[in-house]
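Structure record follows, encoded as structure tokens.
If you read the sequence from its start, that first residue is 1, and numbering goes on from there. A quick note: this is a predicted structure, and the numbers were derived from the prediction, not measured.
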Amino acid sequence: MPYVQIEDLEIYYEKLGIGEPIIFLHSHYSRGILAFSSQLLDFQQKYTCYFPDHRGHGRTKCDSLEWSTPQLAEDVIDFLEKLHIPKAHLIGYSCGGNVALYCAVNHPQKFATLTTIGCSGLACPEGANEFEPEWLIENGRYEMIHQMMERHKEAYRGNWQEFMRQSAKDWRLYPQLTREQLSSITCPTLFIAGEHDEFATEEQLKDLCSLVKNSRYLIAPDCSHRPHMLREKPQFINDSILQFLNKHTIF
């Protein structure tokens, strides 16, 4: 299995396709290839697609069980350097979108384009309490518990409760980017959200576009927080992103 070693961190990733590199950054509670399963076939035809598992997620391993969105962004930079990728396209979903924003703000020279899905650029703590381990047990959410135990057992060595606490904490706190920081993003940017996404509304995307100069937004009709996934509108989202990328090549 492919891993990138960075001190005590072993980042697991999948790699598919040939062409300009795209780094796909997954959401809370997910894994790289799982969050973007509906993008695998379309994007690998023209791009080299990397699907890393964040620190604390999936098959990525680390001595410490603590992590945060800003730290995940620095892991992405280390990941690029270890793989000798000087510049890449960046696509982030939900928490991965927040990570992508930090990457674009702090390391603009590394990214040709930025695409976020289900990301408002603001911390949105509503709902995080329902992902605390005590709440899940009290409310009999055993299916969710078993999913998290299986999905992240290598990262958390079976300690699913600590994984859920870290995820809920990160959900409440990040992103913590100022309007000035967001305005510093220089690469072409596409903000995407579903019409019924409570975490990234059209008004919020309009506001983001007013800050990020070379940006536009796209609302996927009749979609939720995950418009790129199966049973929503993955073909529409894929075609839209691919058209965007085609206008902003690296080479």
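Salt bridge status for Arg165 with Glu134: present, with a side-chain N to carboxylate O gap under 4.0 Å.
The backbone N or O of Leu65 sits less than 3.5 Å from a side-chain atom of Tyr156, completing a donor-acceptor pair. No side-chain donor-acceptor contact under 3.5 Å links Glu195 to the backbone of Cys223. Under a 3.5 Å cut-off, the side chain of Gln181 and the backbone N or O of Thr178 do form a donor-acceptor pair. Between the side chain of Tyr47 and the backbone N or O of Leu16, no donor-acceptor pair lies under 3.5 Å. Of the possible polar contacts, one joining the Gln5 side chain to the Glu7 backbone as a donor-acceptor pair under 3.5 Å is found. Looking at Asp78, its side chain never comes within 3.5 Å of a backbone N or O of Val4 through a donor-acceptor pair. In this structure a side-chain-to-backbone donor-acceptor pair under 3.5 Å is missing from Trp160 to Lys153.
The side-chain heavy atoms of His152 and Arg31, taken from C-beta on, include a pair separated by under 4.5 Å. With contacts defined as side-chain heavy-atom distances shorter than 4.5 Å, the pair Pro2/Tyr12 qualifies. At least one side-chain heavy atom of Leu9 sits less than 4.5 Å from a side-chain heavy atom of Arg55. Residues Glu130 and Arg141 form no side-chain contact, since every pair of their non-hydrogen atoms from C-beta on lies 4.5 Å or further apart. In this structure, the side chains of Cys103 and Lys110 stay at 4.5 Å or more apart for every pair of heavy atoms. Counting only heavy atoms from C-beta outward, the side chains of Ser183 and Leu211 approach each other to under 4.5 Å.
Of all heavy-atom pairs between Gln39 and Phe24, the closest is CB-CE2, 4.3 Å. Nearest approach of Asn238 to Ser38, heavy atoms of both residues: ND2-O, 3.0 Å. The two atoms that bring Ser167 and Trp67 nearest to each other are OG-CZ2, 3.5 Å, heavy atoms only.
Checked by atom type, the side-chain pair His225/Ser94 shows a donor-acceptor distance below 3.5 Å.
Annotation: Gln109, atom CD; neighbour count of heavy atoms from other residues, nucleotides and ligands within 6.0 Å is above 12.
Distance check: Arg151 CZ to Leu34 CG gives 5.0 Å after rounding to the nearest 0.5 Å. With rounding to the nearest 0.5 Å, the separation of NE2 in His89 from CD1 in Ile23 is 10.5 Å. Interatomic distance, Phe199 CZ to Ser224 OG, rounded to the nearest 0.5 Å: 10.0 Å. Taken from CD1 in Ile22 to CD1 in Ile85, the straight-line distance is 11.5 Å, to the nearest 0.5 Å. In this structure, NE2 on His54 lies 9.5 Å from OG1 on Thr60, to the nearest 0.5 angstrom. Considering CD1 of Ile91 and CD1 of Ile237, their distance stands at 11.0 Å, rounded to 0.5 Å.
Remark: aromatic rings of Phe131 and Tyr29 are close, center separation under 6.0 Å. Residues His107 and Tyr102 keep their aromatic ring centres 6.0 Å or farther apart. A centroid separation of less than 6.0 Å is found between the aromatic rings of His228 and Phe36.
Residues passing the ring pair (Phe, Tyr, Trp, His ring centres under 6.0 Å) test with His248 are Phe244, sequence neighbours excluded. In this view, Lys206 and Glu202, Glu203, Tyr217 satisfy the side-chain contact (heavy atoms from CB on, under 4.5 Å) rule, not counting sequence neighbours.
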